[in-house]
Amino acid sequence: METLKTRAEFKRVQKGRKWVTPAFIMQGLARADAESQGPRFGFTVSGKSVAVEGEGGRKRGKAVDRNRARRRLKEAVRLTFSDAARPDLDYVIIGRAFALSRKFEDLLADMRRAFHKVGQPARSDKENNPAP
RNA sequence: CCAGUCGGCCGGAUGGCCGCUGUUCGCGCGAUCUUUGUGGGCCGCAAGGUCGUGAGCGCGCGGAUGGAGGAAAGUCCGGGCUCCACGGAAACACGGCGCCGGAUAACGUCCGGCGGGGGCAACCCCAGGGAUAGUGCCACAGAAAGCAAACCGCUUUCCAGAUCCUGACGCAGCGCAUGCCGGGCCAUCGGCCUCAAGCGGCGCGGAACGCGUCAGGCUCCUGAGAGAGUAAGGGUGAAAGGGUGCGGUAAGAGCGCACCGCGCGGCUGGCAACAGUCGCGGCACGGUAAACCCCGCCGGGAGCAAAACCGAAUAGGGACGGCACGGCUCGCGGGCUUCGGCUCGCGGCGGAAUGCGUUUCCGCAUCGCCGUCCGGGUUGGUUGCUUGAGGCUCGCGGCAACGCGCGUCCCAGAUGAAUGGCCAUCGCGGCGACAGGGGGGCAACCUCUUCCGCCGGCACAGAACCCGGCUUACAGGCCGACUGGCAUU
């Protein structure tokens, strides 16, 4: 599984198609250079986004929670992308609060559905502007 | 057994499936290098080419092996390291620290003491230098908050007398039947009772007490009055100018004495902080320095996003070469000069040219264009990057912190950021109740425990250059030493 490395790549994918679930937000965009093959993924989780409602107001997610949310999302992508993701797209997955508590099999189902939804309009884009 | 104090340690375990990353070994592929002193083969006169061998690098596959914490956290101190600044020293300013001795690379840390405070005790807590160097502040309350003063109170002198004292008089009251009349009872001239708890009219007395009037007074008392003394007591406060006791005094007061405290000086013990003791001082010198300040010690700044190296595109800078290089009584600067000037660069004016907006007009932009090279430099990449004031065992020195020596081990290095995801069993925690067992109770029942079921996914928390500390967070659990209490032998 190849990951996005630079800030510029992340900013670019932000313009792409978006799909929201309780555990994450997925964005996808066709890659400009056709150099590498297979899809690429970027993961991002902020402390604010995984904040948990507790006694005395919201509790900001600490580093442990952020890392754990990212790992679960990463694992879910790893188990689903080979047959669900489109190889000519870059994806960005943004963690949300339920990334920690959602059952893992539901997370996998969410992920497959998100790949389908994000990949669908990209196909029509490709028909309008065929890549060189 | 219960309660507690101190120190040390752990902080889920095992397995299955699928992953990430470092190191190392092997294999494969890729580009590069592989001698210019005889130094693989072949071709070539040669430059060189080609095949092979080897090397490091990159990628892939396979094997082996390592992979979060006690706080990785907060970023509060101290260092290493890097860059910047800086001739040395001192002073000033600013900041930090502050009992003494030791440990340490250093520290605001640690150890051992000292002093003060708390606890029955084990033990715990303390920013703990200087308040006779100076300045400031001390809210509220209180009379008064720093230099003595005096609200209540206490005492005294004078003055005064509603209250006080003395005297006189009067009244009330008391007494007198050994005062009279009256009255009553018994009765023989007479005797008895009655000054009222129950009875009329008069009279006498002045020891004590009461009231009134008058006069006098300061012995007592009083103060709506003036002055003086006092700080014992009351009250306020965090704090009120030493404490307790005896003496003393008009009342009091270190006014005097004893003990304690305080200050000064000496002696003894201790490296020292300090402790003990002797003498003197009659007690002034309140607190606050986490108020300014004084004294002593320490301190250059910024930080791994430090810093070094490699370096794409675009824009801009410089050098060189080629092409182009038109005007001016202009300005500035350089070079040459036969001093007439010539020439180059920059700028100004003018405007040719080129490009753009559809053309002219007009407007805007450029003032050279092209090529090669150089330096700086952003995205990015590499290094820094993990062997270090390092861990462990043993021995020695030291009360200890710690030091020394021998041996042994290598123990995370990610960078949109690895060290994991999911599941099962056990463990843990909570809840439930059928049943069995133990304890308490007359009983209802309560409680502990075993088994069972369900639930929770299970404390605080994720390395980011590295060490030494501090602080803060933390479910549950283990070990050791010690203290107090109860019970038993």
Side-chain angles (χ1 to χ4, degrees):
Chain A
M1 177 166 56
E2 205 171 337
T3 58
L4 300 180
K5 297 295 184 192
T6 66
R7 178 173 171 77
E9 290 168 332
F10 275 77
K11 296 289 278 187
R12 204 179 65 80
V13 176
Q14 274 185 0
K15 299 171 189 155
R17 180 79 177 177
K18 190 159 96 174
W19 181 252
V20 182
T21 75
F24 60 90
I25 299 169
M26 179 183 283
Q27 292 176 311
L29 192 69
R31 191 161 48 254
D33 57 334
E35 213 168 88
S36 56
Q37 292 162 5
R40 299 192 302 174
F41 302 94
F43 297 89
T44 178
V45 180
S46 72
K48 208 198 279 181
S49 64
V50 293
V52 177
E53 196 82 33
E55 294 174 27
R58 289 171 75 82
K59 185 187 166 194
R60 200 181 164 82
K62 296 203 169 185
V64 173
D65 303 318
R66 280 187 273 121
N67 288 343
R68 185 169 153 74
R70 183 171 54 238
R71 288 197 198 107
R72 294 193 86 210
L73 293 172
K74 204 169 173 181
E75 186 70 9
V77 167
R78 193 180 66 79
L79 293 172
T80 55
F81 83 94
S82 59
D83 54 310
R86 287 165 51 83
D88 58 338
L89 259 59
D90 284 344
Y91 295 94
V92 166
I93 289 102
I94 302 166
R96 303 187 74 205
F98 286 96
L100 289 171
S101 55
R102 193 149 174 84
K103 295 186 83 168
F104 196 70
E105 50 196 81
D106 295 342
L107 202 58
L108 294 178
D110 287 348
M111 198 61 77
R112 286 199 179 88
R113 183 167 169 76
F115 275 129
H116 180 70
K117 285 286 182 182
V118 171
Q120 196 82 316
R123 191 167 295 150
S124 60
D125 288 348
K126 194 184 177 188
E127 284 166 5
N128 294 341
N129 298 316

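Just so you know, these numbers come straight off a predicted model, no measurement behind them. Protein chains get the first letters and strands the later ones, always in sequence-line order, with residue 1 at the start of each.
Contact between A:Phe24 and A:Ala114 at its shortest, heavy atoms only, is CE1-CB, 3.8 Å. What you find for A:Arg86 and A:Tyr91 is that their closest heavy atoms are N-OH, 3.0 Å. Nearest heavy-atom pair across A:Phe10 and A:Gly42 is CZ-CA, 3.6 Å. Between A:Arg102 and A:Asp110, the shortest heavy-atom distance links the atoms NE-OD2, 2.5 Å.
Of the residues in residues 103-112 of chain A, those lying under 4.0 Å from RNA chain B by heavy-atom distance are A:Phe104.
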Please list each protein N or O that sits under 3.5 Å from an N or O in nucleotides 17-21 of chain B, with the distance.
from, atom 1, to, atom 2, distance (Å)
B:C18, O2', A:Arg78, NH1, 3.0
B:C18, O2', A:Arg78, NH2, 2.7
B:G19, O5', A:Arg78, NH1, 3.3
B:G19, O2', A:Arg78, NE, 3.3

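B:G254 takes the syn form, because its glycosidic angle lies no more than 90° either side of 0.
For the pair A:Val64 and A:Ala76, nearest-nucleotide mapping onto RNA chain B gives the more 5' position to A:Ala76.
Between A:Phe115 and A:Phe41, the ring planes are perpendicular. Angles over 60° get that label, and only those under 30° would be called parallel.
Distances shorter than 4.0 Å separate none of the side-chain N or O atoms of A:Arg71 from OP1 or OP2 on B:A418. Taking side-chain N and O atoms only, A:Arg68 has no distance below 4.0 Å to OP1 or OP2 of B:G462.
In this structure, A:Asn67 atom CG and B:U419 atom P are separated by 9 Å, rounded to whole Å.
Here B:A417 is the nucleotide among B:A461, B:A417, B:C422 with the atom lying nearest to any side-chain atom of A:Arg70.
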